[in-house]
Q: 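One structure, pasted below without further comment.
The sequence lines fix the lettering, A, B, ..., with proteins before strands; numbering per chain opens at 1.
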Amino acid sequence: MTVRTRFAPSPTGPVHIGNIRTAIYNWLYARHTGGQFLLRLEDTDRERSTPEAVQNVLNALDWLGLSHEEEPLYQSQRREAHLEAAERLLSSGAAYKEDKGGRGQGEAVLFRMPGEDMSFQDIIRGSLRKASKDLPDFVIVRSDGSPVFHLANVVDDIHMTVTHIIRGDDHIENTFRHIALYRALGAEPPRFAHLPMIVNEQGKPYSKRDGAAFVGEFREQGFLPDALFNYLVLLGWSPGDDREVLTRDDMIECFELSRVQSAAARMDVRKLLWMNGEYLRRLPPETVAAECRAVLEARGLWSDSTPDTYYRRVIELMHERLKVFTDIADSGSYFFTEDYPVDEKAARKRLQKEGAAEKLKAIRDRFAALDDFSADALESALRATADAFGVGAGEFIHPVRVAVSGLPGGPGLFEMLELLGKERVLRRIDRALTRPGAA
RNA sequence: GUCCCCAUCGUCUAGAGGCCUAGGACAUCGGGUUUUCAUCCCGAAAACACGGGUUCGAUUCCCGUUGGGGACGCCA
């Protein structure tokens, strides 16, 4: 029998990082076994489900490359099937009506639990059991006639012939009810695998207040889908060897549910950043250029008059220094505007030191006299000046860098100066010289 | 309150009774490379929650304690 897994989110808000990892594991397991990965929108909560949230789910899956087989099933359209199943349970005696004084007036339909202790083999947790006394009957159709989650969920999973249910461990207790429903409906229960939660960086359950909780946020912050995917896969699972950066094919090949961790995992944005850098550095320059441009536009740093050759060179110089695309706006803004921020600490150390102004002035004049403003020419000019002063080149390099970029680090100074061009370099040095405190 | 689940470096993990002097990755610290930053290379510090068993031998098995988390809806 071919494996069929499903991702069944309820579209009530942005897709959470924990949810999407569940989707990833479902997808990976289906691909690993040559099976199918299905999608079901559990949109039966009329008050909280929205079309925007549905779109958000679809976008998140698409962004991460989590392709699914068949058309998505909208649970709200399956109401008749759910109610029909309830009728069957009623007529077989597996369910009964009772007025528990709930929503609306009239009777709800309750499912009759088997009245015996239950257990099942979870692929990740092993044997899980529950005593009969802790498994009370429960409502499957409300007194207003609407089906309840447990019923809809099971009926739809049977309908979709799902063979492996991979979901969050907050569903462990529900599983006993679901298995009982499967049996009463005359269906063979699927295999279950319950995933641990992902907790925030403080080790607490995620709440709405936590940043870095929704897939869309990572996208906005300039993270790459493949990097987020790779990071998330490793959050609770490992290939069993020392590999960390894995291709999609590698993951598909060696993914095993039995190797999934049973303890909750904590989100670590620093490692995610590292992972993103790994992927970003391997990207072709055109891609980096396009993504960075989007960031620059969003930050108001982009001008359509930026020469293509100039921009390409900026990306060449910055590429390996980026961990996320948004870094281009933080550590490369001086390539695009005169209004770049100046690192106070660097300015104090390099520009306001004894004798800094004198050296800066000397090198400014030396640069001004240059006809050839190439990196090589700039370098020999600067080194000659340093020699004349009887000091190391660093005594000139650092102040110039801070004056021209406002930052303590960045691409090779001479390439940077050449790219910026004579006019801008001289203007910026002059400005640094006149800045208060630059003595 | 009742029931259930979980527990290896700060974090993610390897480890399925002797191979463990507990391995890797991120982060941290030190060194090398670089004009700087980043990359890259080398190195350091850093963990089996605690207490009982079982065993010739426990990080690995069992029980308890502690600590965390979850479920107890006519929400999904």
Q: Ignoring hydrogens and geometry beyond distance, is the side chain of A/Arg401 in donor-acceptor contact with the base of B/U36 at under 3.5 Å?
A: yes
Q: With sequence neighbours excluded, what pairs up with A/Phe138 under the ring-ring contact (aromatic ring centres under 6.0 Å, His included) test?
A: A/Phe111, A/His150
Q: Write down the distance separating the C1' atoms in B/C12 and B/G73, rounded off to the nearest Å.
A: 36 Å
Q: Given atom CD1 of A/Ile179 and atom P of B/C4, what is their separation to the nearest angstrom?
A: 16 Å
Q: Between the base of B/C5 and the side chain of A/Arg125, is one N or O donor paired with an acceptor at under 3.5 angstrom?
A: no
Q: Starting from C1' on B/A38, measure out to CG on A/Leu280 and report it in whole angstrom.
A: 12 Å
Q: Looking only at atom P, what distance separates B/G15 and B/U60, rounded to whole Å?
A: 15 Å
Q: Could you state the atom-to-atom distance from CG of A/Leu413 to C1' of B/C37 in whole Å?
A: 12 Å
Q: Does B/G1 have a Watson-Crick or wobble partner in any strand here, with both distances under 3.5 angstrom, and which is it?
A: B/C72
Q: Would you mind pulling out the nucleotide paired to B/U34, Watson-Crick or G-U wobble, both distances under 3.5 Å?
A: none
Q: 5'-most contact on RNA chain B: A/Glu98 or A/Arg129, nearest heavy atom basis?
A: A/Arg129
Q: Within this structure, what is the CZ-to-P distance between A/Arg321 and B/U35, rounded to whole angstrom?
A: 13 Å
Q: What interatomic distance, in whole Å, is found between P of B/C5 and the corresponding atom of B/C61?
A: 15 Å
Q: Within a radius of less than 6.0 Å around NZ of A/Lys349, do more than 12 heavy atoms belonging to other residues, nucleotides or ligands occur?
A: no
Q: If you look at every strand shown and take non-hydrogen atoms under 4.0 Å, does A/Arg259 touch a base, only sugar-phosphate, or nothing?
A: sugar-phosphate
Q: Provide the distance between the two P atoms, one in B/U21 and one in B/C48, to the nearest whole Å.
A: 15 Å
Q: Using the C1' atoms only, state how far B/C42 lies from B/G17, rounded to an integer number of Å.
A: 36 Å
Q: Determine, for A/Trp27 and A/Arg248, whether the Lys NZ or Arg CZ falls below 6.0 Å from the six-membered ring centre while staying within 45 degrees of the axis.
A: yes
Q: Expressed as a whole number of Å, how far does the P atom of B/A49 sit from that of B/C6?
A: 15 Å
Q: Work out how far the C1' atom of B/U34 is from that of B/C41, and round it to whole angstrom.
A: 13 Å
Q: Sequence neighbours left out, what pairs pass ring pair (Phe, Tyr, Trp, His ring centres under 6.0 Å) with at least one residue falling in residues 235-261 of chain A?
A: A/Tyr25-A/Phe255, A/Trp237-A/Phe255
Q: Find the partner of B/C50: check Watson-Crick (N1-N3 plus N6-O4 or O6-N4) and G-U wobble (N1-O2, O6-N3) distances, both under 3.5 Å, and reply none if neither fits.
A: B/G64
Q: Which part of the nucleic acid does A/Gly412 contact within heavy-atom distance under 4.0 Å: base, sugar-phosphate only, or nothing?
A: base
Q: With P as the reference atom in both, quote the distance from B/G23 to B/A45 in angstrom, rounded to an integer.
A: 11 Å
Q: How would you label the contact of A/Arg243 with the nucleic acid (heavy atoms, under 4.0 Å): base, sugar-phosphate, or nothing?
A: nothing
Q: Is any side-chain nitrogen or oxygen of A/Lys204 closer than 4.0 Å to OP1 or OP2 of B/G69?
A: yes
Q: B/A38 P sits how many Å from A/Asn276 CG, rounded?
A: 17 Å
Q: Passes side-chain contact (heavy atoms from CB on, under 4.5 Å), A/Ile124 versus A/Phe192? Steps please.
A: CA-CA 8 Å; A/Ile124 295 170; A/Phe192 290 90; over 6 Å; no
Q: Taking A/Glu395 as the fixed residue, which of A/Arg350, A/Arg383, A/Lys359 is the one that meets the salt bridge (charged side-chain N to carboxylate O under 4.0 Å, His left out) rule?
A: A/Lys359
